[in-house]
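Just follow the structure's listing: the first ligand is 1, and inside any ligand the first atom is 1. Counting begins at 1 with the first residue of the sequence. Since the structure is predicted, the reported quantities are computational estimates derived from the model, not experimental observations.
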Amino acid sequence: MSKRKVRVRFAPSPTGPLHMGGIRTALYNYLFAKKNNGDFILRIEDTDQSRYVKGAEKYIINALKWCNLEVDEGPESNSSKGPYRQSERKSFYKKYVDQLIKSGNAYYAFDKSEELERMRELAKQAKMPNWQYNSITRNSMKNSLTLSKEELESRFSKNEPCAVRIKMPRNEEIRFYDEIRGWIVVNTNNMDDKVIFKADGMPTYHLANVVDDYLMDISHVIRGEEWLPSAPLHVLLYRYLDWENVMPKFAHLPLILKPDGNGKLSKRDGDRLGFPVFPLEWTDPQSKEISSGYKEKGYFSESFVNILAFLGWNPGNSKELFTMDELIKEFSLERVGKSGAKFDPEKAKWFNQQHLRNKSNSELSSLMLENCKYDVGNEYLEKVAELMKERATFHHELLSEDYFFKSFEDYDQRTFRKKWKSNSISLVNEFFSELNSIESFNAETIENTFKSFVERKEIGMGALLPCLRLILTGKGMGPSLFSIMELIGEEEVMNRFKEKSIFFENLFLEKSDL
Ligand code: GLU
């Protein structure tokens with residue numbers, strides 16, 4: 001038998017923004033597809049109109065784009081297997097519902113929601129809190145299995161609203177293989193007669209999902225663990241529709257857990273602990289509440305992808321930094337774990353820092369140019385990037401020091417109090433007059449001049465360097481001062497020296513007068 005083409009789908013419901021778990025599912029589907037020369041399909045599962053949230057579909061599409069998860073077929077593309085929004089596929093499902101009813105595997109149910117509620121209430125009173133519509137209780141409900149032929153006909157002729165439910169067999173074992181979890185066995189006695197088609201003429205998730213996977217020729221269903229309990233029902237639907245020979249393989253991904261490992265990561269954890277749980281910023285259309293996004297926080301999309309890749313998967317060696325192409329090459333479902341993956345916000349920052357360091361200065365300078373309020377060229381920003389990149393986690397931090405562009409206004413008072421001494425001004429004056437006479441004003445020569453100066457004076461570096469840094473940057477710490485001096489240039493160095501050495505000395509004198 002020829003090998004089946006790999007076709008996977010990411011099938012989100014547009015009920016809000018995609019959180020990290022959702023986009024990780026998309027990523028694993030994408031990696032699996034690309035690794036196996038397959039197709040990555042985006043299907044919007046919007047059959048439940050009551051949960052539809054405006055803007056959510058656009059958000060999903062934008063988030064996939066930001067992460068560079070290119071969709072081969074989806075709502076924005078024209079392909080023979082579309083449309084890719086379930087609300088536009090309404091007419092596709094009825095035929096299969098009829099088939100299931102005809103073969104005796106589904107039935108009409110007329111029970112109104114108040115009646116179902118009443119049954120649940122009665123069961124609760126009888127200390128059976130988990131009432132289900134199932135192979136036993138269905139016998140006392142209003143459905144096409146219990147109502148007489150005449151009663152049924154009269155209801156149909158009056159167009160009485162009814163749903164269609166799957167007829168769960170009694171005491172049968174359903175077995176299926178999960179690519180991550182191995183064999184799964186569930187007894188149908190633990191399953192209920194789920195509604196597969198609603199009174200409003202729309203299929204429910206279960207039916208639409210299975211029918212569409214079939215019609216779209218999906219080879220592998222890779223989705224979150226929360227769908228594992230639904231999988232036995234899906235397997236039954238494949239069986240009853242006679243599609244078992246083309247049933248996709250299943251892989252249920254582990255949960256993403258809170259940083260302390262205590263339960264599933266939620267939006268509230270992000271708010272509470274100060275990290276985003278969404279790829280992009282999201283404004284709730286109703287409450288107008290804004291939730292932060294990785295993009296807006298300054299994460300590179302490649303870091304975000306790298307972070308997600310490691311939430312459930314690992315390459316089996318110590319390599320941690322991956323580009324998308326490397327992930328495609330290395331990814332396999334065998335290396336996806338069963339147990340939940342703890343999210344570590346500090347590690348997430350580390351990933352971004354590492355990706356930042358791996359970027360060339362020219363790449364970084366183009367990013368800086370967009371946000372730089374000073375009129376300096378690309379070349380200058382490249383040099384700032386070189387000096388700052390070891391100290392930055394996010395690219396906007398490369399521009400966090402104004403002293404690269406102008407003399408400072410605020411200064412570090414602690415350093416001043418600790419380091420400016422009565423002999424500082426004379427040391428500073430002498431050092432700058434030596435600097436005045438050097439031939440080429442570059443970091444190396446400046447450093448050599450500095451070293452020989454402190455040696456001759458028999459002082460420690462700490463007696464002079466912090467004072468120079470204060471004068472030139474206003475700070476107590478930072479990247480190599482000699483490199484900063486080379487970058488801002490001789491004229492600027494001398495100007496700051498003239499202005500700021502007097503400023504600090506006066507301050508010192510004022511203080512000692514007190
Ligand atoms: N619509 C489901 C969701 O929102 C898809 C589950 C699946 O992939 O089968 O996650």
**OP:** Specify the protein heavy atom at minimum distance from atom 6 (C) of ligand 1: its residue, its atom name, and the distance to 0.1 Å.
**Re:** Tyr205 OH, 3.4 Å
**OP:** Could you tell me which atoms of ligand 1, counted from 1 in the order shown, lie closer than 4.0 angstrom to a heavy atom of Glu45?
**Re:** 1 (N), 2 (C), 5 (C)
**OP:** Say whether, by atom type as modelled, one donor and one acceptor occur between the side chain of Ser13 and the main chain of Thr15 under 3.5 angstrom.
**Re:** no
Subject >> Nearest protein heavy atom with distance in Å, relative to atom 2 (C) of ligand 1 >> reply: Ala11 O, 3.3 Å
Subject >> For Asn209, atoms of ligand 1 separated by under 4.0 Å from a heavy atom >> reply: 7 (C), 9 (O)
**OP:** Measure the distances from the heavy atoms of Arg9 to every atom of ligand 1 and state whether one is below 4.0 angstrom.
**Re:** yes
Subject >> Least distance between heavy atoms, Val53 atom then Pro285 atom >> reply: CG1-CG, 3.8 Å
**OP:** With sequence neighbours left out, write down each residue that passes side-chain hydrogen bond (donor to acceptor under 3.5 Å, both in side chains) with Ser266, or none if nothing qualifies.
**Re:** Asp269
Subject >> Residue from Arg7, Arg9, Lys34, Lys5 passing salt bridge (Lys or Arg N to Asp or Glu O under 4.0 Å) with Asp72 >> reply: Lys34
Original post:
Is it the side chain (CB and beyond), the backbone, both or neither of Trp227 that lies under 4.0 Å from ligand 1, heavy atoms counted?
Top reply: side chain
Original post:
Could you state the interatomic distance from CZ (Phe343) to CD1 (Ile256), rounded to the nearest 0.5 Å?
Top reply: 8.5 Å
